[in-house]
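When a ligand or atom number is given, it counts from 1 through the structure's own listing order.
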Amino acid sequence: MSNNFETLAIRSQIERTQYLEHSSPLYLTSSFVFEDAEDMRASFSEEKERNLYSRFSNPNTSEFVDKICKLEGAEDGYAFATGMAAIFSTFSALLNAGDHIVSSRSVFGSTHSLFTKYFPKWNIETSYFKVNEVFKIESLIQSNTKILYAESPTNPGVDIIDLEVLALIAKKHKLLLIIDNCFATPYLQQPIQYGADLVIHSATKLIDGQGRVLGGITVGKKELIREIYLFSRNTGPALSPFNAWVLSKSLETLSVRVDRHCDNALRVAEFLEYHDQVNWVKYPFLKSHPQHEVAKKQMKLGGNIIAFEVKGGIEAGRKFLDRIQMASLSANLGDTRTIVTHPASTTHSKLSEEDRLEVGITDGLVRTSIGLENVEDIIQDLDQALRA
Ligand SMILES: *Cc1c(COP(=O)(O)O)cnc(C)c1O
(Lines give C-alpha, C1' and ligand atoms only; values in the text may rest on other atoms or scores of the structure.)
Protein backbone atom coordinates (compact mmCIF):
# COMPACT_ATOMS: atom_id res chain seq x y z
CA MET A 1 0.00 0.00 0.00
CA SER A 2 1.06 3.60 -0.56
CA ASN A 3 2.76 5.31 2.36
CA ASN A 4 0.87 8.56 1.89
CA PHE A 5 -0.82 9.77 5.07
CA GLU A 6 -4.35 10.12 3.68
CA THR A 7 -4.27 6.69 2.03
CA LEU A 8 -2.91 4.95 5.14
CA ALA A 9 -5.54 6.65 7.31
CA ILE A 10 -8.33 5.37 5.08
CA ARG A 11 -7.10 2.09 3.64
CA SER A 12 -5.38 0.32 6.55
CA GLN A 13 -8.04 -1.89 8.09
CA ILE A 14 -8.53 -5.31 9.61
CA GLU A 15 -9.25 -8.32 7.44
CA ARG A 16 -12.71 -8.61 5.95
CA THR A 17 -15.03 -11.32 7.24
CA GLN A 18 -17.04 -13.76 5.09
CA TYR A 19 -19.60 -10.96 4.52
CA LEU A 20 -17.10 -8.83 2.58
CA GLU A 21 -18.12 -5.68 4.39
CA HIS A 22 -16.64 -2.47 2.99
CA SER A 23 -16.38 -0.62 6.29
CA SER A 24 -14.86 -2.45 9.28
CA PRO A 25 -17.45 -4.23 11.44
CA LEU A 26 -17.78 -3.64 15.18
CA TYR A 27 -16.66 -6.55 17.38
CA LEU A 28 -18.65 -6.05 20.57
CA THR A 29 -17.40 -9.15 22.31
CA SER A 30 -15.67 -9.34 25.66
CA SER A 31 -13.93 -12.65 24.91
CA PHE A 32 -13.01 -15.08 22.12
CA VAL A 33 -13.35 -18.87 21.96
CA PHE A 34 -10.73 -21.59 21.62
CA GLU A 35 -10.84 -24.63 19.35
CA ASP A 36 -9.65 -27.05 22.01
CA ALA A 37 -7.40 -27.41 25.05
CA GLU A 38 -4.22 -27.22 22.98
CA ASP A 39 -5.38 -24.04 21.22
CA MET A 40 -6.17 -22.51 24.59
CA ARG A 41 -2.77 -23.45 26.01
CA ALA A 42 -0.87 -22.14 22.98
CA SER A 43 -2.88 -18.91 22.99
CA PHE A 44 -2.30 -18.19 26.66
CA SER A 45 1.41 -18.93 26.38
CA GLU A 46 1.55 -16.42 23.50
CA GLU A 47 2.86 -19.01 21.03
CA LYS A 48 -0.05 -17.83 18.91
CA GLU A 49 -0.85 -14.22 18.27
CA ARG A 50 -4.60 -13.93 18.59
CA ASN A 51 -7.40 -12.25 20.53
CA LEU A 52 -8.28 -13.85 23.88
CA TYR A 53 -10.07 -11.24 25.88
CA SER A 54 -10.87 -7.62 25.02
CA ARG A 55 -8.92 -6.23 27.99
CA PHE A 56 -5.82 -7.59 26.17
CA SER A 57 -6.80 -6.95 22.57
CA ASN A 58 -9.80 -6.81 20.24
CA PRO A 59 -9.98 -6.49 16.44
CA ASN A 60 -11.34 -2.93 16.68
CA THR A 61 -8.70 -1.70 19.12
CA SER A 62 -6.03 -3.43 17.03
CA GLU A 63 -7.24 -1.63 13.92
CA PHE A 64 -7.07 1.74 15.68
CA VAL A 65 -3.59 0.98 17.07
CA ASP A 66 -2.36 -0.19 13.68
CA LYS A 67 -3.58 2.99 11.98
CA ILE A 68 -1.96 5.32 14.53
CA CYS A 69 1.30 3.31 14.34
CA LYS A 70 1.37 3.74 10.57
CA LEU A 71 0.56 7.47 10.79
CA GLU A 72 3.17 8.13 13.51
CA GLY A 73 5.81 5.82 12.01
CA ALA A 74 5.77 3.70 15.18
CA GLU A 75 6.57 0.00 15.65
CA ASP A 76 3.74 -0.85 18.04
CA GLY A 77 1.12 0.62 20.37
CA TYR A 78 -1.61 0.08 22.94
CA ALA A 79 -4.97 1.92 23.08
CA PHE A 80 -6.50 3.26 26.29
CA ALA A 81 -9.91 4.41 27.53
CA THR A 82 -8.69 8.02 27.84
CA GLY A 83 -5.62 10.13 27.23
CA MET A 84 -4.95 10.22 30.99
CA ALA A 85 -5.11 6.41 31.18
CA ALA A 86 -2.44 6.35 28.43
CA ILE A 87 -0.21 8.82 30.30
CA PHE A 88 -0.62 7.18 33.72
CA SER A 89 -0.13 3.63 32.41
CA THR A 90 2.89 4.55 30.30
CA PHE A 91 4.74 6.14 33.23
CA SER A 92 3.65 3.42 35.66
CA ALA A 93 4.77 0.61 33.38
CA LEU A 94 8.21 2.10 32.76
CA LEU A 95 9.17 3.65 36.12
CA ASN A 96 10.26 2.16 39.44
CA ALA A 97 10.08 3.72 42.89
CA GLY A 98 12.95 6.19 43.21
CA ASP A 99 13.09 7.14 39.52
CA HIS A 100 13.06 10.74 38.37
CA ILE A 101 11.30 12.60 35.52
CA VAL A 102 12.33 15.81 33.79
CA SER A 103 9.28 17.50 32.28
CA SER A 104 8.22 20.70 30.65
CA ARG A 105 6.43 22.93 33.18
CA SER A 106 3.63 23.44 30.65
CA VAL A 107 1.77 20.15 30.58
CA PHE A 108 -1.90 19.20 30.65
CA GLY A 109 -3.46 19.89 34.09
CA SER A 110 -4.08 16.26 35.07
CA THR A 111 -0.58 15.26 33.92
CA HIS A 112 0.75 17.95 36.24
CA SER A 113 -1.37 16.47 39.06
CA LEU A 114 0.15 13.02 38.41
CA PHE A 115 3.63 14.51 38.76
CA THR A 116 2.94 16.64 41.83
CA LYS A 117 0.32 14.68 43.76
CA TYR A 118 0.44 10.99 42.90
CA PHE A 119 3.90 9.93 41.68
CA PRO A 120 5.56 11.31 44.83
CA LYS A 121 3.57 8.63 46.73
CA TRP A 122 5.87 6.11 45.01
CA ASN A 123 8.92 8.30 45.52
CA ILE A 124 8.97 9.36 41.86
CA GLU A 125 9.90 13.02 41.69
CA THR A 126 9.74 15.44 38.75
CA SER A 127 11.88 18.46 37.88
CA TYR A 128 10.55 21.10 35.49
CA PHE A 129 11.99 23.24 32.73
CA LYS A 130 10.27 26.28 31.23
CA VAL A 131 9.37 26.06 27.55
CA ASN A 132 11.85 28.82 26.65
CA GLU A 133 14.65 27.32 28.77
CA VAL A 134 15.51 24.02 27.09
CA PHE A 135 19.17 24.96 27.66
CA LYS A 136 18.54 24.31 31.39
CA ILE A 137 17.33 20.72 30.90
CA GLU A 138 20.76 19.14 31.26
CA SER A 139 21.26 20.79 34.66
CA LEU A 140 18.06 19.07 35.89
CA ILE A 141 19.14 15.55 34.94
CA GLN A 142 20.10 13.29 37.86
CA SER A 143 21.62 9.80 38.04
CA ASN A 144 18.09 8.39 38.57
CA THR A 145 16.42 10.34 35.74
CA LYS A 146 14.60 7.96 33.39
CA ILE A 147 12.17 10.02 31.31
CA LEU A 148 12.22 13.36 29.49
CA TYR A 149 8.63 14.49 28.87
CA ALA A 150 7.01 17.33 26.94
CA GLU A 151 4.01 18.51 24.96
CA SER A 152 4.33 20.70 21.88
CA PRO A 153 2.34 22.83 21.20
CA THR A 154 1.61 23.31 24.90
CA ASN A 155 -1.73 23.83 26.62
CA PRO A 156 -2.99 26.53 27.07
CA GLY A 157 -0.04 28.79 26.15
CA VAL A 158 0.51 27.33 22.62
CA ASP A 159 4.30 27.38 23.09
CA ILE A 160 6.52 25.26 20.87
CA ILE A 161 9.42 23.11 22.10
CA ASP A 162 12.12 21.96 19.68
CA LEU A 163 11.72 18.17 19.42
CA GLU A 164 15.10 17.72 17.79
CA VAL A 165 16.84 19.39 20.75
CA LEU A 166 14.90 17.23 23.22
CA ALA A 167 15.88 14.09 21.32
CA LEU A 168 19.56 15.05 21.34
CA ILE A 169 19.51 15.58 25.11
CA ALA A 170 17.59 12.34 25.70
CA LYS A 171 20.02 10.35 23.58
CA LYS A 172 23.11 11.85 25.21
CA HIS A 173 21.83 11.04 28.72
CA LYS A 174 20.12 7.72 27.81
CA LEU A 175 16.66 8.97 28.80
CA LEU A 176 13.37 7.89 27.26
CA LEU A 177 11.84 10.79 25.34
CA ILE A 178 8.04 10.75 25.59
CA ILE A 179 5.97 13.34 23.71
CA ASP A 180 2.28 14.13 24.20
CA ASN A 181 1.41 14.90 20.56
CA CYS A 182 -2.26 15.66 21.21
CA PHE A 183 -2.38 19.26 19.92
CA ALA A 184 -0.54 18.45 16.68
CA THR A 185 -1.91 15.00 15.74
CA PRO A 186 0.28 12.76 13.53
CA TYR A 187 -0.91 14.76 10.54
CA LEU A 188 0.97 17.90 11.62
CA GLN A 189 3.93 16.44 13.49
CA GLN A 190 5.57 13.03 13.93
CA PRO A 191 7.84 13.13 16.99
CA ILE A 192 9.35 9.66 16.33
CA GLN A 193 10.92 11.07 13.20
CA TYR A 194 12.88 13.47 15.46
CA GLY A 195 13.93 10.74 17.89
CA ALA A 196 11.07 10.35 20.39
CA ASP A 197 10.82 6.86 21.93
CA LEU A 198 7.10 7.05 22.65
CA VAL A 199 4.24 9.27 21.51
CA ILE A 200 1.02 9.68 23.49
CA HIS A 201 -2.34 11.01 22.32
CA SER A 202 -5.59 11.94 23.90
CA ALA A 203 -7.72 10.66 21.00
CA THR A 204 -10.61 12.53 22.61
CA LYS A 205 -9.42 15.73 20.97
CA LEU A 206 -8.68 16.17 17.23
CA ILE A 207 -8.48 12.43 16.49
CA ASP A 208 -12.17 11.93 17.28
CA GLY A 209 -12.64 15.59 16.46
CA GLN A 210 -16.40 15.46 16.81
CA GLY A 211 -16.85 15.54 20.56
CA ARG A 212 -18.22 12.01 20.85
CA VAL A 213 -15.86 9.58 22.56
CA LEU A 214 -12.91 9.50 24.93
CA GLY A 215 -9.78 7.59 24.01
CA GLY A 216 -6.02 7.50 24.36
CA ILE A 217 -3.05 5.73 22.84
CA THR A 218 0.68 5.24 23.30
CA VAL A 219 2.84 4.22 20.33
CA GLY A 220 6.57 3.78 19.81
CA LYS A 221 9.40 1.29 20.35
CA LYS A 222 8.29 -2.32 20.43
CA GLU A 223 10.13 -3.32 23.62
CA LEU A 224 8.68 -0.35 25.53
CA ILE A 225 5.15 -1.03 24.26
CA ARG A 226 5.56 -4.63 25.42
CA GLU A 227 6.07 -3.39 29.01
CA ILE A 228 3.12 -1.01 28.68
CA TYR A 229 0.96 -3.79 27.25
CA LEU A 230 1.80 -6.22 30.08
CA PHE A 231 1.08 -3.55 32.70
CA SER A 232 -2.19 -2.60 31.02
CA ARG A 233 -3.52 -6.10 30.40
CA ASN A 234 -3.25 -6.61 34.16
CA THR A 235 -4.52 -3.24 35.34
CA GLY A 236 -7.38 -2.76 32.85
CA PRO A 237 -7.33 0.74 31.28
CA ALA A 238 -8.19 -0.65 27.80
CA LEU A 239 -10.10 1.30 25.15
CA SER A 240 -13.60 -0.06 24.47
CA PRO A 241 -14.10 -1.73 21.05
CA PHE A 242 -16.95 0.65 20.28
CA ASN A 243 -14.84 3.75 20.90
CA ALA A 244 -11.99 2.21 18.91
CA TRP A 245 -14.34 1.65 15.99
CA VAL A 246 -15.50 5.29 16.17
CA LEU A 247 -11.89 6.52 16.35
CA SER A 248 -10.73 4.41 13.38
CA LYS A 249 -13.52 5.98 11.35
CA SER A 250 -12.52 9.44 12.59
CA LEU A 251 -8.97 8.91 11.35
CA GLU A 252 -10.26 8.55 7.79
CA THR A 253 -11.17 12.26 7.80
CA LEU A 254 -8.35 13.52 10.04
CA SER A 255 -6.30 15.16 7.30
CA VAL A 256 -9.17 17.10 5.73
CA ARG A 257 -10.52 18.17 9.10
CA VAL A 258 -7.13 19.30 10.42
CA ASP A 259 -6.33 21.13 7.16
CA ARG A 260 -9.52 23.17 7.54
CA HIS A 261 -9.04 23.63 11.31
CA CYS A 262 -5.60 25.10 10.60
CA ASP A 263 -6.77 27.33 7.70
CA ASN A 264 -9.55 28.73 9.89
CA ALA A 265 -7.23 29.20 12.87
CA LEU A 266 -4.64 31.11 10.84
CA ARG A 267 -7.35 33.43 9.49
CA VAL A 268 -8.72 34.05 13.00
CA ALA A 269 -5.21 34.58 14.44
CA GLU A 270 -4.44 37.15 11.72
CA PHE A 271 -7.70 38.92 12.49
CA LEU A 272 -7.07 38.99 16.27
CA GLU A 273 -3.49 40.20 15.87
CA TYR A 274 -4.69 43.66 14.77
CA HIS A 275 -7.76 43.89 17.01
CA ASP A 276 -7.73 46.96 19.27
CA GLN A 277 -9.24 45.01 22.21
CA VAL A 278 -6.49 42.39 22.12
CA ASN A 279 -3.05 42.81 23.76
CA TRP A 280 -1.33 39.92 22.02
CA VAL A 281 -2.02 36.71 20.07
CA LYS A 282 -0.04 33.49 20.12
CA TYR A 283 -0.39 31.12 17.19
CA PRO A 284 2.54 28.99 15.96
CA PHE A 285 2.21 29.99 12.30
CA LEU A 286 2.10 33.75 12.97
CA LYS A 287 5.51 35.36 12.45
CA SER A 288 5.10 37.06 15.85
CA HIS A 289 5.13 33.70 17.70
CA PRO A 290 8.36 33.46 19.75
CA GLN A 291 9.14 29.95 18.43
CA HIS A 292 7.77 30.49 14.93
CA GLU A 293 10.88 29.09 13.20
CA VAL A 294 10.79 25.89 15.28
CA ALA A 295 7.07 25.52 14.58
CA LYS A 296 7.71 25.86 10.84
CA LYS A 297 10.46 23.23 11.06
CA GLN A 298 8.52 20.54 12.92
CA MET A 299 4.85 21.19 12.09
CA LYS A 300 3.09 20.96 8.75
CA LEU A 301 0.55 23.65 9.76
CA GLY A 302 -0.07 25.71 12.89
CA GLY A 303 -2.81 23.65 14.58
CA ASN A 304 -6.22 24.87 15.74
CA ILE A 305 -5.48 26.39 19.15
CA ILE A 306 -5.00 30.14 19.56
CA ALA A 307 -4.11 31.89 22.81
CA PHE A 308 -4.75 35.61 23.09
CA GLU A 309 -5.04 38.22 25.80
CA VAL A 310 -8.13 40.37 26.08
CA LYS A 311 -7.46 43.93 27.27
CA GLY A 312 -8.70 44.55 30.82
CA GLY A 313 -7.59 41.51 32.88
CA ILE A 314 -9.63 38.83 34.59
CA GLU A 315 -13.00 40.67 34.50
CA ALA A 316 -12.60 41.45 30.79
CA GLY A 317 -11.79 37.78 30.15
CA ARG A 318 -14.94 36.62 31.94
CA LYS A 319 -17.10 39.27 30.22
CA PHE A 320 -15.73 38.23 26.84
CA LEU A 321 -16.89 34.67 27.52
CA ASP A 322 -20.35 35.86 28.59
CA ARG A 323 -20.81 37.79 25.35
CA ILE A 324 -19.87 34.91 23.05
CA GLN A 325 -22.94 33.88 21.05
CA MET A 326 -22.03 31.02 18.72
CA ALA A 327 -18.86 29.42 20.10
CA SER A 328 -19.22 26.95 22.98
CA LEU A 329 -17.92 27.40 26.50
CA SER A 330 -16.67 23.88 27.04
CA ALA A 331 -13.73 21.97 28.51
CA ASN A 332 -13.01 20.01 25.32
CA LEU A 333 -10.88 21.08 22.35
CA GLY A 334 -10.23 19.93 18.82
CA ASP A 335 -13.95 19.66 18.07
CA THR A 336 -15.82 20.66 14.89
CA ARG A 337 -17.36 23.39 17.08
CA THR A 338 -15.32 26.41 18.09
CA ILE A 339 -14.69 26.40 21.85
CA VAL A 340 -13.60 29.30 24.05
CA THR A 341 -12.16 28.99 27.56
CA HIS A 342 -10.75 31.39 30.14
CA PRO A 343 -8.05 29.41 32.01
CA ALA A 344 -7.43 31.96 34.81
CA SER A 345 -10.99 31.73 36.14
CA THR A 346 -11.59 28.03 35.33
CA THR A 347 -9.09 25.22 34.61
CA HIS A 348 -6.15 26.97 36.29
CA SER A 349 -8.01 28.96 38.98
CA LYS A 350 -6.53 26.78 41.75
CA LEU A 351 -2.96 27.75 40.86
CA SER A 352 -1.38 30.68 42.69
CA GLU A 353 -1.00 33.80 40.54
CA GLU A 354 2.77 33.22 40.50
CA ASP A 355 2.41 29.63 39.24
CA ARG A 356 -0.11 30.75 36.64
CA LEU A 357 2.15 33.46 35.30
CA GLU A 358 5.06 31.04 35.19
CA VAL A 359 3.20 28.90 32.64
CA GLY A 360 2.03 32.00 30.76
CA ILE A 361 -1.56 32.13 31.99
CA THR A 362 -2.21 35.83 32.41
CA ASP A 363 -5.56 37.07 33.78
CA GLY A 364 -6.90 38.05 30.37
CA LEU A 365 -5.70 34.92 28.53
CA VAL A 366 -8.35 33.28 26.37
CA ARG A 367 -7.82 29.90 24.71
CA THR A 368 -9.81 29.16 21.60
CA SER A 369 -10.07 25.86 19.80
CA ILE A 370 -11.03 26.92 16.30
CA GLY A 371 -13.69 24.69 14.76
CA LEU A 372 -14.99 23.97 11.28
CA GLU A 373 -17.81 26.52 11.11
CA ASN A 374 -17.60 29.15 8.36
CA VAL A 375 -14.55 31.20 9.28
CA GLU A 376 -16.35 34.53 8.78
CA ASP A 377 -18.93 33.44 11.35
CA ILE A 378 -16.19 32.53 13.85
CA ILE A 379 -14.49 35.90 13.34
CA GLN A 380 -17.80 37.74 13.60
CA ASP A 381 -18.61 36.03 16.93
CA LEU A 382 -15.22 36.78 18.49
CA ASP A 383 -15.30 40.35 17.18
CA GLN A 384 -18.75 41.19 18.58
CA ALA A 385 -17.76 39.71 21.97
CA LEU A 386 -14.58 41.77 22.04
CA ARG A 387 -16.39 44.98 21.05
CA ALA A 388 -19.53 44.78 23.17
C1 LIG B 1 -7.09 16.34 26.98
C2 LIG B 1 -5.65 16.11 27.07
C3 LIG B 1 -5.14 15.00 27.78
C4 LIG B 1 -6.04 14.04 28.53
O5 LIG B 1 -6.86 13.34 27.69
P6 LIG B 1 -8.27 12.70 28.13
O7 LIG B 1 -8.69 11.92 26.94
O8 LIG B 1 -9.17 13.83 28.48
O9 LIG B 1 -8.00 11.83 29.32
C10 LIG B 1 -3.77 14.83 27.80
N11 LIG B 1 -2.94 15.69 27.18
C12 LIG B 1 -3.39 16.76 26.51
C13 LIG B 1 -2.42 17.66 25.85
C14 LIG B 1 -4.76 17.01 26.42
O15 LIG B 1 -5.20 18.09 25.76
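- Heavy atoms of I87 approach ligand 1 to within less than 4.0 angstrom.
- The atoms of ligand 1 that sit less than 4.0 Å from any heavy atom of D180 are 10 (C), 11 (N), 12 (C), 13 (C).
- Near G215, meaning under 4.0 Å from one of its heavy atoms, ligand 1 places the atoms 7 (O).
- At the top of the distance list for atom 9 (O) of ligand 1, counting protein heavy atoms only, stands M84 N, 2.9 Å.
- At least one side-chain heavy atom of L333 sits under 4.5 Å from a side-chain heavy atom of R367.
- Considering backbone and side-chain atoms alike, F108 places every N or O at 3.5 Å or more from each N or O of ligand 1.
- Y118 has its ring centre no less than 6.0 Å from the ring centre of F91.
- A salt bridge links R41 to E38: one of the charged nitrogens lies within less than 4.0 Å of a carboxylate oxygen.
- If you check which protein heavy atom lies closest to atom 7 (O) of ligand 1, you get T204 OG1, 2.6 Å.
- Heavy atoms of G334 come nearer than 4.0 angstrom to ligand 1 in no pair at all.
- Expressed to the nearest 0.5 Å, how far CG of L206 lies from CZ of R257 amounts to 7.0 Å.
- Looking from atom 15 (O) of ligand 1 to the surrounding protein, the closest heavy atom is K205 NZ, 2.7 Å.
- Between W245 and N58, every side-chain heavy-atom pair lies at or beyond the 4.5 Å cut-off.
- A distance of 6.0 Å or more separates the ring centres of F88 and F80.
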